[in-house]
Amino acid sequence: MTYRSNFQNHPFHLVSPSPWPLFTSISLLSLTTSGTLAMHNFGSAYILVYFSLFSLVATMSLWFRDIISEATFLGDHTLAVQHGINLGVILFIVSEALFFVAIFWAFFHSALTPTVELGAQWPPLGIEPVNPFELPLLNTVLLLSSGATITYAHHAFIDGNRAGGIYGSVLTVVLAGIFTCFQGVEYGVSSFTISDGVYGACFFLATGFHGLHVIIGTLFLGVALWRIYSYQMTDTHHVGLESAILYWHFVDVVWLFLYIAIYYWGS
């Protein structure tokens, strides 16, 4: 009988075979395909969109559950693994930043040299832009405040103040929820839609995708808050919280650019 050691001579985590990457890819392919069909008014395509979205969320939730188990219960996330995860999150945020660079490029391409079709002016003729000193300014204050509260929560948690980490995280999630609600109110009272030319398309594409990132970041912070509350993180081992905070600060910075460029300068 041979003996197999469970010990390894390196600090890295060799991931076990998992079905979730394949299932996630299939769900994404189905979501994009059904979404395209739905936009072209194919019959009952929206049913497949909802099913694909549910499948994607369920698959990723199970995938993240496995990662949390590896970090919390199996002890697979050594210092080297934590460093790799942090680096991966940073690279992911860089790719997201480049995505928003493309959106800003489209906006400034039309805003700096408005064509005759736009009335040779920006905002285009007939468009009444959103007042930047009303809801957008309030949302800016809310989002920047949430960045401050989550930073406080992080430092409190590092210093061993678990209660401060929990309260700061709860306040951040509440501020994020209020921001999302106010963004919906702004869309409801806006005098233009996404179909109103290049201005409407750029405005709703930029703010809409940022709103989607806010929702994802809120869920990210909510999961981190639950893990703090469940004693699944310590002051020296909280990669999930650090990743959520990095993502949230990215959301804050993007909103500042959106507010200055699209709401203030673009109006």
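For this chain, numbers begin at 1 and follow the sequence in order. Worth knowing before you read on, the calculation uses all heavy atoms, side chains too, and leaves out hydrogens, waters and symmetry mates.
- Residues W248 and S146 have side chains that bring a donor and an acceptor to within less than 3.5 angstrom of each other.
- Not counting sequence neighbours, the partners of F99 by the ring-ring contact (aromatic ring centres under 6.0 Å, His included) test are F209.
- Aromatic pair Y259/Y264: centroids not less than 6.0 angstrom apart.
- Criterion: ILVMFWY side-chain heavy atoms under 4.5 Å apart, direct or through other members. Under it, V253 and V141 are not part of a common hydrophobic cluster.
- With hydrogens and angles disregarded, no donor-acceptor distance shorter than 3.5 Å links the side chain of S55 to the backbone of S27.
- Connection of V223 to F157 is not established within any shared hydrophobic cluster, with ILVMFWY side chains joined at heavy-atom distances below 4.5 Å, either directly or through further cluster members.
- Not counting sequence neighbours, W226 has no partner by the ring-ring contact (aromatic ring centres under 6.0 Å, His included) test.
- Side-chain atoms of T151 and H249 include a donor-acceptor pair closer than 3.5 Å.
- A search for side-chain hydrogen bond (donor to acceptor under 3.5 Å, both in side chains) contacts involving E70 returns nothing, not counting sequence neighbours.
- R162 places no side-chain N or O within donor-acceptor distance of the main-chain N or O of Y231, the cut-off being under 3.5 Å.
- Cluster partners of L91, by chain and number: L87. The rule joins Ile, Leu, Val, Met, Phe, Trp and Tyr whenever side-chain heavy atoms lie under 4.5 Å apart.
- Contact of the S34 side chain with the S52 side chain is registered, since non-hydrogen atoms from C-beta on lie closer than 4.5 Å.
- Evaluation of the ring-ring contact (aromatic ring centres under 6.0 Å, His included) rule for Y263 yields F203, W255 as partners, not counting sequence neighbours.
- Contacts of F257 classified as ring-ring contact (aromatic ring centres under 6.0 Å, His included), with partners at least two apart in sequence or in another chain: none.
- Not one N or O on the side chain of H40 forms a donor-acceptor pair closer than 3.5 Å with the backbone of F42.
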Please tabulate, one pair per line, all N/O donor-acceptor pairs under 3.5 Å involving side-chain atoms of residues 101-129, not counting sequence neighbours.
unit_1	atom_1	unit_2	atom_2	d
T113	OG1	H109	O	3.2
T115	OG1	E117	OE1	3.1

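- Residues that satisfy the side-chain contact (heavy atoms from CB on, under 4.5 Å) test with V185, not counting sequence neighbours, are L135.
- For the side-chain hydrogen bond (donor to acceptor under 3.5 Å, both in side chains) test, no residue two or more places apart in sequence or in another chain qualifies with H77.
- F64 and F220 are members of different hydrophobic clusters when ILVMFWY side chains are connected at heavy-atom separations under 4.5 Å.
- Applying the under-4.5 Å side-chain rule to Ile, Leu, Val, Met, Phe, Trp and Tyr, the cluster around Y50 extends to Y46.
- Residues passing the side-chain hydrogen bond (donor to acceptor under 3.5 Å, both in side chains) test with D66 are W20, sequence neighbours excluded.
- For Q232, the side-chain hydrogen bond (donor to acceptor under 3.5 Å, both in side chains) partners are R227, not counting sequence neighbours.
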